[in-house]
Number of protein chains: 2
Amino acid sequence: MSLIEELIEALRCLPGVGPKSAQRMTYHLLERDREGGRRIAHGITEAIEHVGNCRSCRTLSESELCPQCIDTRRDDSLLCIVESPMDVLALEQSASYRGRYFVLMGHLSPLDGIGPQELGLDLLEKRLDNGVVEEVILATNPTVEGEATAHFISEMAHARAIRTTRIAHGVPLGGELEYVDSGTLGHAMTGRQDY
Amino acid sequence: MSLIEELIEALRCLPGVGPKSAQRMTYHLLERDREGGRRIAHGITEAIEHVGNCRSCRTLSESELCPQCIDTRRDDSLLCIVESPMDVLALEQSASYRGRYFVLMGHLSPLDGIGPQELGLDLLEKRLDNGVVEEVILATNPTVEGEATAHFISEMAHARAIRTTRIAHGVPLGGELEYVDSGTLGHAMTGRQDY
């Protein structure tokens with residue numbers, strides 16, 4: 001396999017990139033934008049090397065604690081549970097929430113070997129035990145797995161007499177948080193109800 | 001700017017990748033496919049470092065001569081002029097041509113400072129002078145710049161009494177007449193052949 005073919009093949013691991021797009025990207029970089037290519041290679045290498053998970057909320061972060069966990073003006077009594085770091089980004093952009101986050105980095109999926117341990121629910125349990133959290137906002141995706149995950153976490157919270165809420169279903173069913181516009185996300189956040 | 005933001009920004013130089021896709025790609029790589037990310041970074045670095053241009057036809061190649069120029073079974077009397085290495089790929093996949101190629105790596109565009117020199121037409125001139133080429137097939141894109149480039153090269157060939165042809169433009173196979181633009185239909189009509 002030539003280097004060009006190898007690069008085309010490598011680019012196909014990107015989401016939404018098929019053989020034709022990968023080919024187009026490869027030739028674009030080599031013909032017209034080698035500087036851009038160098039920037040991408042460098043950016044990936046640096047990010048992979050230095051971006052880990054926030055010690056407190058598990059989101060992707062290049063420091064030990066992410067900006068949302070460090071921010072002292074946030075409301076510690078609210079804890080929003082999301083599946084992925086992109087969901088944090090989307091909620092932050094909707095500017096409808098000023099509490100803390102906990103990022104599962106996935107959802108319960110026993111068939112794929114993803115159980116409570118993999119989602120860091122032991123860490124979440126400790127967090128709920130500290131007596132500061134008064135409301136757990138379940139913002140997992142409105143999919144079967146997301147709902148199951150929300151249910152599981154709500155039981156953990158209920159066992160500690162902590163109120164749980166679920167973001168309102170202004171979010172279209174089967175949709176994914178990261179693709180919803182911020183207005184809709186704002187509605188979903190303010191319209192949350194007891195779970 | 002954080003490393004994550006830098007990577008999102010860097011990925012935007014890829015064709016067809018906007019802010020949302022770049023974000024999705026970044027999080028995909030960091031959350032789920034760091035190995036794939038490493039492969040991309042490595043692939044880009046290697047390709048940028050080792051892929052240059054074929055000494056004979058100017059297409060992208062990691063050896064001094066590209067596979068099409070090395071292949072001894074090809075017909076040296078046919079020379080097909082295309083704008084980019086992807087055009088070579090497309091023609092090869094159509095399996096309709098077994099002659100040689102010359103790749104301009106662009107088209108004449110005086111406003112962008114792209115003249116005959118930048119398209120390697122001096123190299124093409126030498127190639128036409130060697131007396132082997134009997135037909136120059138103009139396969140530049142059917143755009144204003146592509147047509148101007150084809151015209152320019154046809155004059156070079158005519159000055160050496162070499163036959164020039166232009167690939168046919170018409171209704172694409174599987175296309176429906178009512179959806180084809182009028183320019184293409186005009187070409188199809190004037191270019192009609194005995195049936």
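Each chain gets a letter, A, B and so on, in the order the sequences are listed, and its residues count up from 1. Values in this document were obtained by computation on a predicted structure and should not be read as measured data.
Within the 4.5 Å cutoff, the side chain of Leu89(B) has heavy atoms near those of the Gln23(A) side chain. When side chains are defined from C-beta on, Val17(A) counts as touching Met25(B), because their heavy atoms get closer than 4.5 Å. The shortest distance between side-chain heavy atoms of Cys13(A) and Leu29(B) falls below 4.5 Å.
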Going through the checks in order, is the side chain to side chain contact (heavy atoms under 4.5 Å, CB included) test met by Glu6(A) and Glu46(B)?
-> CA-CA 10 Å; Glu6(A) 265 173 39; Glu46(B) 285 291 300; over 6 Å; no
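Remark: the backbone N or O of Ala10(B) is not paired with any side-chain donor or acceptor of Arg39(A) at under 3.5 angstrom. A donor-acceptor pair is defined here as one N or O able to donate and one able to accept, closer than 3.5 Å; no such pair exists between the side chain of Lys20(B) and the backbone of Tyr179(A).
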Indicate every side-chain donor-acceptor pair of residues 103-115 of chain A with a distance under 3.5 Å to a residue at least two apart or in another chain.
from: His107(A); atom 1: ND1; to: Glu83(A); atom 2: OE1; distance (Å): 2.9
from: Ser109(A); atom 1: OG; to: Asp112(A); atom 2: OD2; distance (Å): 2.7

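Of the candidates Leu3(A), Ile40(A), Thr26(A), Ile44(B) forms a side chain to side chain contact (heavy atoms under 4.5 Å, CB included) with just one, namely Ile40(A).
Within residues 125-159 of chain A, no residue has a heavy atom under 4.5 Å from a heavy atom of chain B.
Between Ile4(B) and Glu62(A), the shortest heavy-atom distance links the atoms N-OE2, 4.1 Å. Counting all heavy atoms, side chain and backbone alike, Ile48(B) lies closest to Arg34(A) at O-NH1, 3.0 Å.
In this structure, no portion of Ile8(B) lies under 4.5 Å from any heavy atom of chain A.
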